[in-house]
Every structure is written in C-alpha cells, then in structure tokens.
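First up is the structure itself, then whatever we jot down about it.
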Amino acid sequence: MNKKKKPFLGMPAPLGYVPGLGRGATGFTTRSDIGPARDANDPVDDRHAPPGKRTVGDQMKKSQAADDDDEDLNDTNYDEFNGYAGSLFSSGPYEKDDEEADAIYAALDKRMDERRKERREQREKEEIEKYRMERPKIQQQFSDLKRKLAEVTEEEWLSIPEVGDARNKRQRNPRYEKLTPVPDSFFAKHLQTGENHTSVDPRQTQFGGLNTPYPGGLNTPYPGGMTPGLMTPGTGELDMRKIGQARNTLMDMRLSQVSDSVSGQTVVDPKGYLTDLNSMIPTHGGDINDIKKARLLLKSVRETNPHHPPAWIASARLEEVTGKLQVARNLIMKGTEMCPKSEDVWLEAARLQPGDTAKAVVAQAVRHLPQSVRIYIRAAELETDIRAKKRVLRKALEHVPNSVRLWKAAVELEEPEDARIMLSRAVECCPTSVELWLALARLETYENARKVLNKARENIPTDRHIWITAAKLEEANGNTQMVEKIIDRAITSLRANGVEINREQWIQDAEECDKAGSVATCQAIMRAVIGIGIEEEDRKHTWMEDADSCVAHNALECARAIYAYALQVFPSKKSVWLRAAYFEKNHGTRESLEALLQRAVAHCPKAEVLWLMGAKSKWLAGDVPAARSILALAFQANPNSEEIWLAAVKLESENNEYERARRLLAKARSSAPTARVFMKSVKLEWVLGNIAAAQELCEEALKHYEDFPKLWMMKGQIEEQEELVEKAREAYSQGLKKCPHSTPLWLLLSRLEEKVGQLTRARAILEKSRLKNPKNPGLWLESVRLEYRAGLKNIANTLMAKALQECPNSGVLWSEAIFLEARPQRKTKSVDALKKCEHDPHVLLAVAKSTISCCPLRPWVGPCAGWWPGATAAGHWRKPRGL
C-alpha cells in the first residue's frame, strides 16, 4: 500500500506553483471560476438590498458607473499640450473656491465670445449668402415653373393620379353600398310564417295535448313583445293604418320639441325635416366638455352668490347657445326672482321669451323698476301697433318725465303738429337737451323759432350748435347780414362763459353747413375761427392745408372762404393767388376765375403766370381780342418777358394770324433776344415753308447761341429735309462739338448714318456717345434698337445685357429687354424687371402689353386688366401704340 501511494499527495504545493503551466493551460477563465450565468432581472442573493440594487442588472450598472468615475491616468490618454483628456481632480471635493474659479473662467469665456460675436456672425452670414448664391435651393431653381401652377384648375389638379397607385379600377373607384328600404310586404309575410297559434288542435288534446290557459297568446315575430293594438284580432295581418298614425304622432312630438324659438316661429321646416337635419345641430361650435365645465362653473357662481345678475344672464345665454332654449328661459326667470332690481336680467328675460310672454315679463319688470328707461323702450319695441307704442311711451313719460331718450322716441311717432306740442313740453322737462331745443325750432315758424333759440341760449349758454342753428335760420329767411353778427356774438359769448374755442370742431361745423347749403353761415364761421390758435409765421402754410382739406371733403365754399381770407391777409403773395386761381379753375366757373385773375394781376403785376392764365382763359372762351388786350397790359407790366412774347406769338399763330406772329417775333428778337425766341422764329418760318428765311434765322441765332442744341438740331433737320446729307452731317457734327452732352443730337446723327446705309459709322457714333455720356439709358437703347433693326438679334441681346449692367434701374431698358426675349421667357423677364423697377411706368406698360397674348381680342380685360391702372397712375396715361 505504501509503495503505491504518491509522496506529494496531501502535501501543500511548492512556492510559485501555477496549475497547468507546464502543459500551457493558462490565460482563460472557466464557468467554475466566475459562477453560473444570471439574467439582468434576476434578484441578488442579498434579500435586504436597498431599492436600486435588488437585481443583477442594477449592480452591474453601478459597477460600470464607478469604473467610469475613476480617473484615467494612462499614458495613452495624455497629450503634451492639453494634458490628460479628463479632469485630474474630478474625484476631489468641489468647494466654494472651485465654484468661484469656474464662474470667473466662464465670465472670461463669455467676454471673449462677445468680442468676436459680431464679426463671427457677419462672417457666417456672408458665407451663408455666398453658399446660397452658388448652390440655390431646388424651390428657387424651379420658381418660374411653379408659377404656372396658378393656372391649373381644380378639376385638372384632382385628375392627377396618385404616385404608385397600382390598384385596379374597381379598387380605385369602389362602388358605394346601396341601401334599399324593406317593403311592408316583407314584414307581413314573415309575420305570418313566424306567428304562434293560440289554440290547440283537437287531435292533440285527444291524445294528451296541453291546453293553453291564456286565450290571447303573445305573437312574437321578432324578439320582444308586439305593441298592443297593432295586430288585428283573430288574424295574423299587420294594421298599416295604425302604424302610420303612430309614425305621425312620433314625428309631431319631435317637431314640437324644436319648433319654438325666441320670436315664436319655427326654426325647422316640417316638410324638409328628414333632409335638413342640420337645423337640430347646436351652432355653438365648442367642445362638449368645455360646455359642461362652463355649466358647472356658472352653477357654482349662482349657488355662491344667487343675487349676482351676470351669473344668471351668462347661464341663460350658455343654454341658449347650446340649443336648450326652454332651460335658458327657466334659468332667466329664476334670475328675475333672485334679482328683481336688475335691469339687465329683466331685459334678457324679455329677449328670450316669445311674443305675449315677453310683454308679460316686461309688465312685471315695470312694476319692480318703474324708473327704468330701457325697460320702457323694450316694452314699446314689443308692441306692433303704433297706438300701443304711443300709449306705452306716454305712460313711461308720466313716470320718467326727464328722460331725453323717451321724449325723442315719443316725438318720432307723432305727426308734425303733435310733435311740436310734445316738444314744447319736452324742453320744459329737459331744458338742458340741445337736440330737443333744435328739433322744436325746426318745427316752429320763423318768429317762434327765434324765440325758441333765444330761450335755448339762456338755458344752455355753452353750446355752439344753438348759435350756428340761429345763423342758419337767419340765412334761410334772407337775413344774410345777421349771419356774421350772430357768429361773432357766438364766439364772444362762448368765451365769456369759459368755453374753449376748438378750431377743428368749428371747421367741421362749417363743412356741415356747406354740405347743407348754408353758404353764408359756413363762410362766416371760417372768417371767425380761421385765425384762432395759429402763430403768425405759420398762418399761410396752415391755411393752405385747411383749404386742401376742405377740397378733399368736398366743402368747396369753405375752401373759397379760406382763400378769400388769406388773400386779404397776404395780398402780395403770388403763391396764394396761384393756389386760389387753380382752385377756381378746377372747381369754379370761368367768370369767377377771370374775376380772381383781374384782382391778382392788380396786386401782383410782375407775376407772368397770372397774366398768361387770364389770357388763356379768354382765348379758350373764344374772346381773342380780350386775350390780346390782356397780353398788351402784360407787355406794359413786363416789357422784356420772354414768356409773354411767346404766348402772344402762340395766340396769333393758333388763330392763323401768321403776319402778326412774324412781327411779334421780330419785335421780340430786337427787345428780348433769347435762344427760345430765335428757335420759335426759325420754327415758324420752317412750318410756313420759307426754308431760306428759316436757314438765315438759324445761322443768325447760332452766332449768338451756339451752345443751344435745339438750334443745331433744327439746322440739321432742315438740311436733311432738303436731302443735303453732307450739310446735315456737318451741322450735327458741329453741334456735338459745342454740345457733347446732348443725347438727341447723337441720336439724330446716328439715325442719319443708318438712313444712308452707313451702319458701321452709326454704330461707332453711338459707341463714342456712350463714352462721353456714361450711364445714359437713351443711348444704350438706341444702340440695342440699331442692332435689332439690322437683324443682328444676338448682338442686340449682348448690348442689352451690358446696358442693364451699367443702368440696372432703367425702366426704359427693362421694358425693351422684355420684348427682346422669346414669348415663353417674357414672364420670367417681367418678374425680374418688376423687382428692379416696381413703379416705373415703362415697365408696367411693357408687362401689360406682354400679357395681351392671354386675351388678344379684348386687351383691356382679363389678366392684363390690372396693369393698365398701374401704368396710368405711374405716368403713362396714353394707350400703347398699336392697341
């Protein structure tokens, strides 16, 4: 036995012994080393573990969190510049000093961020804008195509099939289920087949059958008992007559529930009851839960404070809105019992009750509130007969004689004579009511009206309307000389009684007088109050604004009175005379205008425009000699006036007095030689066909006024008319040397070269003109049109692009660019033009013309109709050529 026993058995292992190391069985862990596998939801072995640690998963999370909190001081987590990635002292205590240091560092970071914030935001904004320009959104790229969606009709839109709809036709268009009512014969047939007999066959009783103890057994064709009386005794047939009567009875009950309303009329059409079910749906539009909450809240308010009238009114209105009208009436009547002195509760009850019931409610309210004006008014409104209304109001006046509202309501129902008698009593009971005094004055005769207004002034010395009415009364009876005195006395009396004179209110009263036809009164008011409360240096400006305001309000006589008063204060102001003259020209008569202009030239003889307006007025009226006499007087007052000389020449030439015009121009060249006088002289001779005289005058004029471009233009055009191309070219060239910034001269020379076939020279002239006159839209436009007329559309488009770069806000160029595009691209070009020149008349007109293709037969209606008013308001009042 001892020989077989190993010597090392039962002995401790040598120092440093590792089991399995000799055979290489190391570096792995077996299940026996760590124990059996467990689920995360399995409970732990500790039965008394605290919450959050009672499962295996909770303990694993806790251990992972502890491992994460440990500082990672490994060399792989160390950086030479930043140090360790984590905090070296995160495990240490966080004290007040640490908190203060963190706050300081946070403040420094915030301060440094604010210093760079503006530049950073600006840079980010620029980068975003640059990115959007380089990579626009999809919706921006297809914006012009999306605009066409506005033309898609609703039917076309609905007809677009859904994407990926692979169903067949029957599935896409399901047939709706058809419901057919079952005929009465069906019920009768099945009633007979399913009936139970109440008698037993004698053969059954013979062989031991059962005798039914109840002689009238229950016939049950369907689960449930039949209504007694529907079955005919002794037969199994259905009595259709009684079924119809029962149905009519049920329908009558339904209609009676919803038929009553506030006015006593039905709100449901009995004939269309089955088809108009919307009439039974409440129209409150709220949630049913909200209504329940509101009802509960109002009930609590009523129970807490039953004498609070608004709670009862709100409760009744809530029930009314939800369709429970009878509940609302019951609530409000209970409210009248709890709050018998509340006027609002009684009025609400009268509103909710129908017809005669409302009258009874109002009568009851009068007994509780005999001084309530509103209840009396409501009682009168409920009456349909005029006599009954009068009776109610007279009864009300017995209880409340000082109510202006009741007196007014009562007077409106009376005839003029009875109304006058009632108003006499009314002003005694209500002596401070201006309306009653004025109404009585309107019904009285002239003498009695004066007495009434005098009494009204004694009782109400602070009201201006009584004075104004007195002035209108005097004017209506022909005493216009008293109007001015009454208004002056009114101002004095009101100031004496401490009334502040409000200038704006008086001007409004004057405008009302003007509209009522009391011209003298409105003018007297204007003269009396126009200067109140205005500084001396602001008078002219303020009065002109007042006159414009009166014209805007269509109070022309008020504006005329303001101008008349301003001309008395400023008789030598040419601007005031001009404003008054334009007012008479637009709103007055020719006689009033001429009379005003005669006074104007007497006070302002040096004002040429006033002389010219007077002469033109006479000329338009056909009185040529009077116009000549006015111009003669104007010559005396202004001997060297170019405008008067030219006006006289125009007068003679328009009346075919060419010799007179020649003599006048000769005198003008000798006494007042100006460039315009010479130009008119040349033009007169040119029009009359005296080419030699015109050329001679033109040469003479150019010796004195060589920098006047129109003379060079006329010279060149005369030569061009005579087909002297070289002389015309020389005239234009010399004119451009003297006037290099005259655009029409450049255009005339270019068109001359184009006319003779020198297209290259015309192009060179326009390029030279653009160099000397940069950013000139007219020259660019002529260059584009030159290439277009020559058939070079590509070059014209290139020039237009350059022109729009140099003159991006030129409406003339944008309007031309629209029509250079093909028809499909014109809409996009129009949008771009409107973005640059939204209110330019040329662009608006071009857009309108481009949309004519939508309705070529009627260009003033349809899609383009909205553009014509815009172009007209912006300045182009004429129709485009060719329309």
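One is the number of the first residue; the rest follow in order along the sequence.
Looking only at side-chain heavy atoms (C-beta outward), Pro309 and Glu348 stay at 4.5 Å or farther from each other. Within the 4.5 Å cutoff, side-chain heavy atoms of Leu596 are placed close to those of Arg599. Using a 4.5 Å heavy-atom threshold, the side chains of Lys573 and Arg579 count as separate.
Across every non-hydrogen atom of Leu610 and Ala600, the tightest pair is CD1-CB, 3.7 Å. A pairwise comparison of heavy atoms in Val345 and Ile332 identifies O-CG1, 3.9 Å as the closest pair. Nearest heavy-atom pair across Ser424 and Glu444 is OG-OE2, 4.4 Å. Nearest heavy atoms, His587 versus Arg560: O-NH2, 4.2 Å. Minimum interatomic distance between Ile530 and Ile534 (heavy atoms only, all atoms of both residues): O-CD1, 3.3 Å. Considering all non-hydrogen atoms of both residues, Pro571 and Trp577 come closest at O-NE1, 2.7 Å.
Ring pair Tyr565/Trp543 is perpendicular by interplanar angle, where above 60° counts as perpendicular and below 30° as parallel.
For the side chain to side chain donor-acceptor pair (under 3.5 Å) criterion with Ser315, the lone passing option out of Lys334, Lys299, Arg302, Arg295 is Arg302. Of the options Asn448, Ile421, Val452, Leu423, a side-chain contact (heavy atoms from CB on, under 4.5 Å) to Leu443 is made by Leu423 and by none of the others. For the salt bridge (charged side-chain N to carboxylate O under 4.0 Å, His left out) with Glu383, the lone residue among Arg391, Lys395, Lys359 that qualifies is Lys359.
To the nearest 0.5 angstrom, Ile466 atom CD1 is 6.0 Å from Leu438 atom CG. With rounding to the nearest 0.5 Å, the separation of CG in Leu593 from CD in Gln598 is 10.0 Å. Annotation: the span from Trp467 atom CH2 to Ile491 atom CD1 amounts to 10.0 Å, rounded to 0.5 Å. With values rounded to the nearest 0.5 angstrom, Leu556 atom CG is found 10.5 Å from Asn586 atom CG. Atom CD1 in Ile487 sits 11.5 Å away from atom CZ in Arg464 (nearest 0.5 Å). Taking NZ of Lys472 as the start and OG1 of Thr469 as the end, the distance is 6.0 Å to the nearest 0.5 Å.
Heavy atoms from other residues, nucleotides or ligands lying under 6.0 Å from CZ of Arg374 number more than 12. Residue Arg489 qualifies as open at atom CZ: its count of foreign heavy atoms under 6.0 Å is 12 or below. Taking a 6.0 Å sphere around CD of Glu535, one finds it holds 12 or fewer heavy atoms contributed by other residues, nucleotides or ligands. Surrounding CD of Glu415 are at most 12 heavy atoms belonging to other residues, nucleotides or ligands under 6.0 Å away. Residue Glu500 qualifies as open at atom CD: its count of foreign heavy atoms under 6.0 Å is 12 or below. With a 6.0 Å radius and a threshold of 12 heavy atoms from other residues, nucleotides or ligands, Glu435 has its CD atom at or below the threshold. Within 6.0 Å of CD in Glu398 there are more than 12 heavy atoms belonging to other residues, nucleotides or ligands. Within 6.0 Å of NZ on Lys390 lie more than 12 heavy atoms contributed by other residues, nucleotides or ligands.
The main-chain N or O of Pro370 is found under 3.5 Å from a side-chain atom of Tyr376 such that the two form a donor-acceptor pair. Judged by distance alone, the side chain of Lys341 and the main-chain N or O of His368 form a donor-acceptor pair under 3.5 Å. Side-chain atoms of Asn305 do not come within 3.5 Å of backbone N or O of Val301 as any donor-acceptor pair. Between the Trp312 side chain and the Met333 main chain, no donor and acceptor come within less than 3.5 Å of each other. Under the 3.5 Å distance criterion, the side-chain polar atoms of Thr542 are matched with a main-chain donor or acceptor of Asp538. In this structure, Asp514 contributes its side chain and Glu557 its backbone to a donor-acceptor pair below 3.5 Å. Between the side chain of Thr322 and the backbone N or O of Leu318, at least one donor-acceptor pair lies under 3.5 Å. The main-chain N or O of Thr492 is never found under 3.5 Å from a side-chain atom of Arg495 such that the two would form a donor-acceptor pair. Here the side chain of Asn497 pairs no donor or acceptor atom with the backbone of Val499 at under 3.5 angstrom. The backbone N or O of Lys455 lies less than 3.5 Å from a partner atom in the side chain of Asn459, making a donor-acceptor pair.
For the residue pair Lys540 / Ser575, a side-chain donor-acceptor distance below 3.5 Å is found, with atom types taken as modelled.
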Run the salt bridge (Lys or Arg N to Asp or Glu O under 4.0 Å) test on Glu474 and Arg450 for me, step by step, so that the C-alpha distance in whole Å, both residues' side-chain angles and the decisive distance to 0.1 Å come before the verdict.
CA-CA 9 Å; Glu474 297 296 338; Arg450 295 180 66 181; 3.3 Å; yes

What's the verdict on side-chain contact (heavy atoms from CB on, under 4.5 Å) for Glu319 and Leu325, showing C-alpha distance, side-chain angles and the deciding distance?
CA-CA 6 Å; Glu319 300 300 337; Leu325 189 58; over 6 Å; no

Run the salt bridge (Lys or Arg N to Asp or Glu O under 4.0 Å) check on Lys515 and Glu512 step by step: do they pass?
CA-CA 5 Å; Lys515 295 175 183 178; Glu512 292 177 0; over 6 Å; no

Could you walk me through whether Arg527 and Glu484 pass the side-chain contact (heavy atoms from CB on, under 4.5 Å) check?
CA-CA 9 Å; Arg527 287 191 292 269; Glu484 192 83 26; 2.7 Å; yes

Can you check salt bridge (Lys or Arg N to Asp or Glu O under 4.0 Å) on Arg378 and Glu381, steps first, answer last?
CA-CA 5 Å; Arg378 179 59 180 166; Glu381 291 175 354; 3.5 Å; yes

Check step by step if side-chain contact (heavy atoms from CB on, under 4.5 Å) holds for Lys389 and Glu412.
CA-CA 11 Å; Lys389 288 180 181 288; Glu412 288 176 355; over 6 Å; no

Give the C-alpha distance, both sets of side-chain angles, the deciding distance and a yes or no for side-chain contact (heavy atoms from CB on, under 4.5 Å) between Met526 and Cys550.
CA-CA 11 Å; Met526 281 297 182; Cys550 291; 3.8 Å; yes

